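Single-structure report; data block below.
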Amino acid sequence: MSVPKISNRLATRLAILLTLALAPLGSVAIYSEFDTWRTQKEASESQLISRTVDAVTGQRALLESAMIASDTLSTLVVDRLGNTTACSAFLADFISESGFYAFAGFIDAEGQMACVSEGEPVDFSASESFAQSVESPRAWFSFQPTGAVTGRPVVLINRPVFEEDELLGFLSISISRRSFDMIATPPDSENAPRISYLVNHLGQTLTSSDNPDADELLPMPDILEDAINKRQGIFSARTVGGNERLFTLAELIPGQLFVLGSWNADQSHSLRQFNYWQIGFPFLMWLASVAVVMFAIHYMVARHLRHINTQLRRFALGNRAEFQRLPDEAPSELREIDSTFTKMARLISRDEVERENALREKTVLLKEVHHRVKNNLQLIASILNLQLRRLTDPEARAILQGVQSRVRSLASIHRKLYEQNRISHSNATEFFETILRETLALAKSEHTDLEVETHFEPVVLAPDKIIPSALLFAEALTNAVKHASPPRKNAPPQLKVSFMARDGHAELQVRNSLSSAATETVTYGLGQELMTAFALQVHGDFESGPVQDAQGHGWETRLRLGDSGLNDTPPPPDAPKD
């Protein structure tokens with residue numbers, strides 16, 4: 001029994017349809033979950049960046065004011081470059097009045113810083129960083145652990161000064177570390193990063209920290225520089241110390257000043273990646289719906305259909321037991337189908353019984369016909385026998401004996417048909433064996449030394465082919481026994497009979513031995529004409545005539561039946577007779 005594909009099952013197809021029906025709602029639910037997560041993630045990122053910026057609010061304001069002051073001073077300093085003493089005095093007054101700045105100075109394009117707020121002039125012409133600044137002049141911030149003039153840790157604000165398109169030099173303002181510490185926002189373990197760094201556009205830190213592992217909490221330099229170039233707000237990376245940390249980066253002054261926050265790794269939990277378990281609820285809803293549908297289909301439909309199918313299969317295999325009806329809880333539509341099948345099965349069973357009874361009656365009548373025909377033929381044979389006793393003419397006796405032999409053969413055939421349990425499946429070999437046995441019994445008085453060789457195989461012939469084939473065999477056998485003679489001196493006459501099936505054909509062969517002299521005296525007679533007529537009735541290939549081979553001289557009769565003469569249905573086993 002072939003197993004249906006799972007895709008062909010009713011429950012599977014309904015599950016697919018339900019999935020398609022729920023797909024829009026599921027998509028909306030999944031999109032809603034994803035959008036909520038994205039909104040929360042953006043809010044968390046914004047909050048962390050805001051905390052990072054708030055941690056350097058004072059320092060940022062100080063650097064912005066220094067940048068604005070450098071812009072103002074650059075114009076005033078240019079007017080005083082011709083008088084170094086006046087220029088230095090002007091810068092000294094500015095530093096004194098500001099209260100936050102530690103130093104101010106002007107470096108000309110040659111690298112000489114003669115105009116200073118304090119100390120002696122300084123030569124930067126040999127400085128590599130100064131040479132790079134001249135090559136690409138721009139405002140920038142930098143950190144000096146030891147200032148060239150003050151000798152203290154300072155943050156430098158450097159602004160290029162131009163007169164029209166000519167670079168005159170750079171105005172530099174220093175802010176001391178002490179000033180940064182004074183205005184720094186106190187760290188808050190909950191709302192601020194552990195360490196905040198002010199960095200320039202090159203990723204160089206502008207402030208140091210009393211924390212001994214401050215430098216180890218920074219990301220690797222190439223990672224920090226890449227984050228600044230990409231303006232990456234939040235990223236996770238390994239620190240210089242080899243630990244994984246969360247970093248926040250915000251731009252304070254476009255292209256010049258940035259703030260970097262270093263957070264503990266557990267802070268990244270608030271920035272969790274999208275958890276696919278968040279879409280578990282829509283999935284569970286779908287799974288529950290499919291499970292309910294499949295259970296409902298099984299409980300209300302599938303199991304009842306299987307019950308009906310089982311009953312029908314049993315009926316198809318010949319089991320005519322009463323159908324087991326569906327329970328009352330089955331759907332009314334299925335109970336109606338079950339009722340229809342039950343009525344149909346009862347009608348079919350009744351018709352089968354009626355047909356079997358009719359067939360049995362016809363079989364009994366047909367067998368009775370064969371029985372009566374056999375009795376009548378035997379009666380005719382007995383009458384012919386009485387007539388033979390009254391005849392003295394040898395020729396007349398020979399004619400009546402031939403007729404009597406043919407009548408007895410026909411009677412034997414009808415007796416055999418009468419004995420068959422099923423006439424539609426008759427083994428022709430049984431008919432031929434019976435005819436052979438009776439013919440040899442009658443011929444013992446004339447051929448006591450006849451040597452008989454037989455080879456029979458079970459072959460089933462169509463009912464309308466059996467009687468003509470059997471009569472042809474009887475005629476051929478009678479002639480063969482009658483004319484059999486020794487093939488050579490001191491050898492008994494021989495008779496060979498065979499009936500076999502080969503390659504869809506049935507072949508009957510009767511051969512007797514003849515002496516060389518007898519071969520010339522054998523002539524065609526009535527028997528030959530009868531056999532030709534019987535062969536035409538069964539549409540077979542008929543051959544009869546003298547043969548000579550390694551076995552000697554003889555006469556052979558051969559009948560070959562094609563496919564149309566065979567019955568492909570094998571005969572059933574014989575039932576016991578009453």
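Just so you know, these numbers come straight off a predicted model, no measurement behind them. The basis for the numbers below is simple: all heavy atoms, side chains too, and nothing from hydrogens, waters or symmetry mates.
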Would you say [atom1] of [X] has more than 12 non-hydrogen atoms from neighbouring residues, nucleotides or ligands within 6.0 angstrom?
X	atom1	result
Arg80	CZ	yes
Glu354	CD	yes
Glu329	CD	yes
Glu110	CD	no
Asp35	CG	yes
Glu244	CD	yes

Under a 3.5 Å cutoff, is there a donor and acceptor pairing between the side chains of Gln112 and Asp108?
no

Would you say Asn357 and Arg360 are linked by a side-chain donor-acceptor pair, where the criterion is simply a distance under 3.5 Å?
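The criterion, which ignores hydrogens and geometry beyond distance, is satisfied for Asn357 and Arg360.
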
Considering non-hydrogen atoms only, spot the tightest contact between [X] and [Y] and give its length.
X	Y	result
Phe100	Leu62	CB-CD1, 3.7 Å
Ser88	Ala114	OG-O, 3.5 Å
Ser262	Tyr197	CB-CE1, 4.2 Å
Leu260	Pro219	CD2-CD, 3.7 Å
Leu224	Gly203	CD2-O, 3.3 Å
Leu73	Phe94	CD1-CE2, 3.3 Å

[X] side chain near [Y] side chain, heavy-atom distance below 4.5 Å:
X	Y	value
Lys230	Glu225	no
Phe103	Val154	no
Phe162	Pro137	yes
Phe143	Pro153	yes
Arg60	Val53	yes
Leu198	Thr205	no
Arg355	Leu359	no
Arg159	Asp71	yes

Any donor-acceptor N/O pair, [X] side chain to [Y] backbone, under 3.5 Å:
X	Y	result
Ser50	Ser46	no
Ser96	Ala92	no
Ser117	Ala104	yes
Arg335	Ala330	yes
Ser136	Ser133	no

Calculate, to the nearest 0.5 Å, the distance between atoms [atom1] and [atom2] belonging to [X] and [Y] respectively.
X	Y	atom1	atom2	answer
Ser74	Leu171	OG	CG	6.5 Å
Leu326	Arg303	CG	CZ	9.0 Å
Leu249	Ile234	CG	CD1	10.0 Å
Ser339	Leu334	OG	CG	12.5 Å
Ile175	Ser65	CD1	OG	6.0 Å
Arg245	Glu216	CZ	CD	11.0 Å

Residues forming a ring-ring contact (aromatic ring centres under 6.0 Å, His included) with Phe141, sequence neighbours excluded
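None.
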
Decide if the gap between the ring center of Phe315 and the ring center of Phe341 is smaller than 6.0 angstrom.
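Not under 6.0 Å, so no.
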
Run the side-chain contact (heavy atoms from CB on, under 4.5 Å) check on Met113 and Phe106 step by step: do they pass?
CA-CA 6 Å; Met113 188 171 66; Phe106 180 81; 5.7 Å; no

Salt bridge (Lys or Arg N to Asp or Glu O under 4.0 Å) between Arg51 and Asp54, intermediate numbers included:
CA-CA 5 Å; Arg51 291 177 185 178; Asp54 291 343; over 6 Å; no

Between Arg138 and His201, is a side-chain contact (heavy atoms from CB on, under 4.5 Å) present by the stated rule, with each step listed?
CA-CA 11 Å; Arg138 59 172 294 177; His201 65 285; 3.5 Å; yes

Would Leu156 and Gln144 satisfy side-chain contact (heavy atoms from CB on, under 4.5 Å), going step by step from the backbone distance to the final call?
CA-CA 7 Å; Leu156 298 177; Gln144 295 292 335; 3.4 Å; yes

Pairs where residues 217-248 contributes a residue and the test ring pair (Phe, Tyr, Trp, His ring centres under 6.0 Å) is met, not counting sequence neighbours:
Phe235-Phe247

Verdict with supporting geometry, Arg238 and Asn243, side-chain contact (heavy atoms from CB on, under 4.5 Å)
CA-CA 5 Å; Arg238 284 195 172 275; Asn243 298 320; 5.7 Å; no

Parallel, tilted or perpendicular: which fits the ring planes of Phe170 and Trp140, with parallel below 30° and perpendicular above 60°?
perpendicular

